[in-house]
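These notes concern the structure reproduced below.
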Amino acid sequence: MFALGMVSHRSWASVMRRGVHRLASLHKVLALPAKKTQALLYPVSHLEGYLDSSMDTSDFRLFQPSVEDIMKAEKLFCSTPTHKIDYHTSAERMEHTPSLAQPEVCFIGRSNVGKSSLIKALFSLSPEVEVRVSKTPGHTRKMNFFRVGKSFSVVDMPGYGHRAPADFVDMVEPYLRCRKSLVRTFMLVDGSLDFQKNDLIALEMCEEMRRPYVIVLTKIDKCGGRGKLLRNLMSLQDLIKTQTRCCFPQAFLASSLNYSGIHLLRCFIAHVTGSINLRDTSPS
């Protein structure tokens, strides 16, 4: 057995990535045909060709970093001896949350929307990080904190709606309202379904907090065709434009199964936490 100090950065990365999904790494994605690469990195680009040419698509491209910027962000999601990514702790109440100096992002969504699966995909380049995923809705019962070195923290929140913890409101609202280190909330919505009543309630809660958040359509691989996904995306964009003030104007698309949109989300998280600086993009 090798001592930790004897393992080079390159060897360590090689060991840690065994068993990783082949599309988790940007290097593997760039080896694909150009159209496939574009669709995986920027999922909305795959849908724009089906829109009328007169439509304004500027809101789809507010955050469209370069491949070089995405590559910089990817390095932050690779655990190394000097940049460790790990599960830190869990909390049931705001007063139990850890005191962490780094910026923080959290993920909320309806039970079974795929929150834990999405976080697992984001951390897929560091498979030693244990993110528990269950087929049973409502598996996440506490706020689970993950540290990404000294750069930022990621929080997996309990799901709302069906099988939500009875004290969901008492647990989540104080965190969203008072957590000083929270820089962005990611509200996940099932992209294969219409916007649900519980999603609207959660959106109203985020608006009431008056803190910046962004909406992510998950499970886009389960839409059964581009038409349904495009309709759901356009409906969501209209809702964002007409009913929100604190939501980032661009909705994100993601699949934890084929990694579409995962690389872009990594870059967005790295940017809003101040971990990297992008030359041409400035999310509000």
Distance only, no hydrogens: is a donor on one side chain within 3.5 Å (strictly under) of an acceptor on the other, for [X] and [Y]?
{"X": "Ser235", "Y": "Asn232", "value": "no"}
{"X": "Ser79", "Y": "Glu128", "value": "yes"}
{"X": "Arg211", "Y": "Thr185", "value": "no"}
{"X": "Tyr259", "Y": "Ser256", "value": "no"}

Checklist line | Full working for ring pair (Phe, Tyr, Trp, His ring centres under 6.0 Å) between Phe268 and Phe248 | finding: CA-CA 11 Å; Phe268 188 76; Phe248 186 59; 5.3 Å; yes
Distance check, rounded to the nearest 0.5 Å: [X] atom [atom1] versus [Y] atom [atom2]?
{"X": "Phe77", "Y": "Ser124", "atom1": "CZ", "atom2": "OG", "result": "9.5 Å"}
{"X": "Ile220", "Y": "Lys228", "atom1": "CD1", "atom2": "NZ", "result": "13.5 Å"}
{"X": "Lys222", "Y": "Leu193", "atom1": "NZ", "atom2": "CG", "result": "10.0 Å"}
{"X": "Gln102", "Y": "Ser151", "atom1": "CD", "atom2": "OG", "result": "8.0 Å"}
{"X": "Leu253", "Y": "Leu47", "atom1": "CG", "atom2": "CG", "result": "6.5 Å"}
{"X": "Ile85", "Y": "Leu125", "atom1": "CD1", "atom2": "CG", "result": "8.0 Å"}

Smallest separation among heavy atoms of [X] and [Y], with atom names:
{"X": "Gln250", "Y": "Val214", "value": "O-CG2, 3.8 Å"}
{"X": "Leu236", "Y": "Ala251", "value": "CD2-CB, 3.8 Å"}
{"X": "Arg184", "Y": "Val272", "value": "NH2-CG1, 3.8 Å"}
{"X": "Gly191", "Y": "Leu229", "value": "O-CD1, 4.3 Å"}
{"X": "Ile108", "Y": "Tyr160", "value": "C-CE2, 4.5 Å"}

Between [Y] and [X], is there a side-chain heavy-atom distance shorter than 4.5 Å?
{"X": "Tyr175", "Y": "Met94", "answer": "yes"}
{"X": "Glu74", "Y": "Asp69", "answer": "no"}
{"X": "Val183", "Y": "Phe152", "answer": "no"}
{"X": "Asp156", "Y": "Met143", "answer": "no"}
{"X": "Leu230", "Y": "Met234", "answer": "yes"}
{"X": "Leu188", "Y": "Phe252", "answer": "no"}
{"X": "Met171", "Y": "Pro158", "answer": "yes"}
{"X": "Cys106", "Y": "Leu182", "answer": "yes"}

Checklist line | side-chain contact (heavy atoms from CB on, under 4.5 Å) evaluation trace for Leu265 with Leu122 | finding: CA-CA 8 Å; Leu265 272 179; Leu122 291 171; 4.1 Å; yes
For the backbone of [Y] and the side chain of [X], can you confirm whether one donor and one acceptor N or O come within less than 3.5 Å of each other?
{"X": "Thr218", "Y": "Val113", "answer": "yes"}
{"X": "Asp56", "Y": "Ser58", "answer": "yes"}
{"X": "Glu104", "Y": "Ser153", "answer": "no"}
{"X": "His271", "Y": "Asn277", "answer": "no"}
{"X": "Thr273", "Y": "Ala270", "answer": "yes"}
{"X": "Ser126", "Y": "Val129", "answer": "no"}
{"X": "His263", "Y": "Leu23", "answer": "yes"}

For residues 29-44, tabulate all N or O donor-acceptor pairs below 3.5 Å that involve a side-chain atom, not counting sequence neighbours.
{"from": "Thr37", "atom 1": "OG1", "to": "Val29", "atom 2": "O", "distance (Å)": "2.7"}
{"from": "Thr37", "atom 1": "OG1", "to": "Leu32", "atom 2": "O", "distance (Å)": "3.3"}
{"from": "Thr37", "atom 1": "OG1", "to": "Pro33", "atom 2": "O", "distance (Å)": "3.3"}
{"from": "Tyr42", "atom 1": "OH", "to": "Pro65", "atom 2": "O", "distance (Å)": "2.6"}

Item checked: From CA spacing to verdict: side-chain contact (heavy atoms from CB on, under 4.5 Å), Thr57, Arg61 -> CA-CA 7 Å; Thr57 60; Arg61 302 180 183 184; 4.3 Å; yes
Donor-acceptor contacts under 3.5 Å from residues 200-210 side chains, at least two apart:
{"from": "Glu207", "atom 1": "OE1", "to": "Arg245", "atom 2": "N", "distance (Å)": "2.9"}
{"from": "Glu207", "atom 1": "OE2", "to": "Tyr213", "atom 2": "OH", "distance (Å)": "2.6"}
{"from": "Glu207", "atom 1": "OE2", "to": "Arg245", "atom 2": "N", "distance (Å)": "3.2"}
{"from": "Glu207", "atom 1": "OE2", "to": "Cys246", "atom 2": "N", "distance (Å)": "3.2"}

Margin query: Just to verify, which of Val155, Val131, Thr89 counts as forming a side-chain contact (heavy atoms from CB on, under 4.5 Å) with Phe146?
Written below: Val131
Next item on the list: Would you please test Val154 and Ile119 for side-chain contact (heavy atoms from CB on, under 4.5 Å) and show each step?
Entry: CA-CA 8 Å; Val154 173; Ile119 293 174; 4.2 Å; yes
Margin query: With a 4.5 Å cut-off on side-chain heavy-atom distances among I, L, V, M, F, W and Y, is there a chain of contacts connecting Leu257 to Phe107?
Written below: no
Check: Is the closest basic N to carboxylate O distance between Lys241 and Asp59 below 4.0 Å?
Finding: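 Between Asp59 and Lys241 there is a salt bridge, with a charged N closer than 4.0 Å to a carboxylate O.
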Next item on the list: With side-chain contact (heavy atoms from CB on, under 4.5 Å) as the test, would you mind laying out the steps for Met187 and Val189 before giving the verdict?
Entry: CA-CA 7 Å; Met187 177 181 164; Val189 176; 4.1 Å; yes
